[in-house]
Peer 1: 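My structure is below; once you've seen it, I'll send some questions.
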There are 2 protein chains.
Amino acid sequence: MADSAKPVSKRDSRKEAAVAVDETQAVQLGELSDLLGYVLKRAQLKVFEDFLRCVAPLQLTPAQFSVLLLLDANPGRNQTEIANTLGILRPNFVSLLDSLESRDLCTRVRSANDRRSHILMLTEKGRGVLARAKKLVVSKHEARLNELLGPDGRDALLAMLTKIAEEF
Amino acid sequence: MADSAKPVSKRDSRKEAAVAVDETQAVQLGELSDLLGYVLKRAQLKVFEDFLRCVAPLQLTPAQFSVLLLLDANPGRNQTEIANTLGILRPNFVSLLDSLESRDLCTRVRSANDRRSHILMLTEKGRGVLARAKKLVVSKHEARLNELLGPDGRDALLAMLTKIAEEF
DNA sequence: CCGTGTTTGGTATGGTGGATAACAATTATC
DNA sequence: GATAATTGTTATCCACCATACCAAACACGG
């Protein structure tokens, strides 16, 4: 239950206003269309949405796909290392891994060097799913972006976004 | 302590694994650094983070700021129109508006034309806060982005993101 | 008028991600 | 060997997002 209840009166007799607004006219974005953060988030949502569509046959979210990619490129790493790299907090990484492991896409193996940590490895099935996912991403998702922006545009965009992500 | 590099000719006993990994080496991003969606989200988080810092004195989130901007540019509109423009669902827009209204930054005024709808208006205080917020955003937030990307780079980035947001 | 259907704001609710505290097991350090 | 730090994990909390549903108010065809 909520501990703080706002005294929002619903029977508040407020003033009334009859403002003449052309309702057929679209709402003006105004300065919002120049706010980089706003457009950035809108674009990000669209891209994620398309990613989900393209890779839907494999039932992989962007986060899950990124984990599989990292495991493939970094065999022998443990949970904290992978989670930190992706900017995921360790507690939140547990359920993510649980879902992947329950689908037999990766496994946690107790390390012999440090028995606290779990070495993460892709399974055979995980490698197969990752390979198919990559194909879908390249042939459908990134291809569509390439078509929209052009190869040079895409590279320029990636470069600037990388710069923001790393140096901002 | 660094590992003394044991000869790792041991096989995994299905439960334990001693994989020789240079833990001093950073985890490799691999193909992730070429995945536009990943870098896009990372950049978006950084930008929002900086936005929050820059506008912290006024205690405004990006969403709240965008609402104030829209209200300023579109007087006489109702909740659904504003919410739809921002891609916010009407139920979720209620509490957002509640918080703004409780801070006396905007008001809901019952429309005389259609007594179901609430006309949204900035208060005097709301206009003041918005003006100060704009100054902070321009002088601190966007200025920092300009410094990083250059004016031309920023414009190119904005153009490509807009294209993605609108046409993707 | 009247009855039906739609729209608007709102509530309740569930799902998902992100963040912190705490804990057992294990390792590191002195 | 005592103490501190680390790893995976659980339990929460909070912010967002999405859906279903409701009362009040409108639209409209009879």
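Computed from a prediction, not measured in an experiment: that's the story for all the values here. To find a chain, count down the sequence lines: A is the first, B the second, and so on, and within it residues start at 1.
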Peer 1: Are Phe65(B) and Phe51(B) an aromatic pair by the rule of ring centers under 6.0 Å?
Peer 2: yes
Peer 1: In whole Å, what is the span from the CG atom of Leu89(B) to the C1' atom of dA20(D)?
Peer 2: 13 Å
Peer 1: Return the value, rounded to whole Å, for the distance between atom CG of Asn78(A) and atom C1' of dT9(D).
Peer 2: 14 Å
Peer 1: At 4.0 Å (heavy atoms only), tell me whether Arg90(A) reaches a base, stays on the sugar-phosphate, or touches nothing.
Peer 2: base
Peer 1: Between dC16(D) atom P and Gln44(A) atom CD, what is the distance in whole Å?
Peer 2: 14 Å
Peer 1: Looking at Lys46(B), is its backbone amide N or carbonyl O close enough to the side chain of Asp50(B) to form a donor-acceptor pair, meaning the two atoms are under 3.5 Å apart?
Peer 2: no
Peer 1: Provide, to the nearest angstrom, the distance between the CG atom belonging to Leu52(A) and the P atom belonging to dC17(D).
Peer 2: 15 Å
Peer 1: Closer than 3.5 angstrom, by distance alone: can the side chain of Arg42(A) be matched with the main-chain N or O of Leu86(B) as a donor-acceptor pair?
Peer 2: yes
Peer 1: Please report, rounded to the nearest Å, how far the C1' atom of dC14(D) is from the CG atom of Asn92(B).
Peer 2: 14 Å
Peer 1: Could you state the CG-C1' distance from Leu45(A) to dC16(D), rounded to the nearest angstrom?
Peer 2: 11 Å
Peer 1: OP1 or OP2 of dC17(D) versus the side-chain N and O atoms of Lys41(A): is any pair under 4.0 Å?
Peer 2: yes
Peer 1: When you measure only distances, ignoring hydrogens and angles, does the side chain of Arg116(B) come within 3.5 Å of the base of dT7(C) through a donor and an acceptor?
Peer 2: yes
Peer 1: Check the distance between dT7(D)'s P and Asn113(A)'s CG and give it to me in whole angstrom.
Peer 2: 13 Å
Peer 1: Quick check: does any side chain N or O of Lys41(A) sit under 3.5 Å from a backbone N or O of Leu36(A), one acting as donor and the other as acceptor?
Peer 2: no
Peer 1: Whole angstrom is fine here: how far is it from CD in Gln64(B) over to C1' in dA15(D)?
Peer 2: 12 Å
Peer 1: Mind checking if Asp114(A) touches a base, just sugar-phosphate, or nothing, with heavy atoms under 4.0 Å?
Peer 2: sugar-phosphate
Peer 1: So, is Thr80(A) near the phosphate of dG8(D), with a side-chain N or O under 4.0 Å from OP1 or OP2?
Peer 2: yes
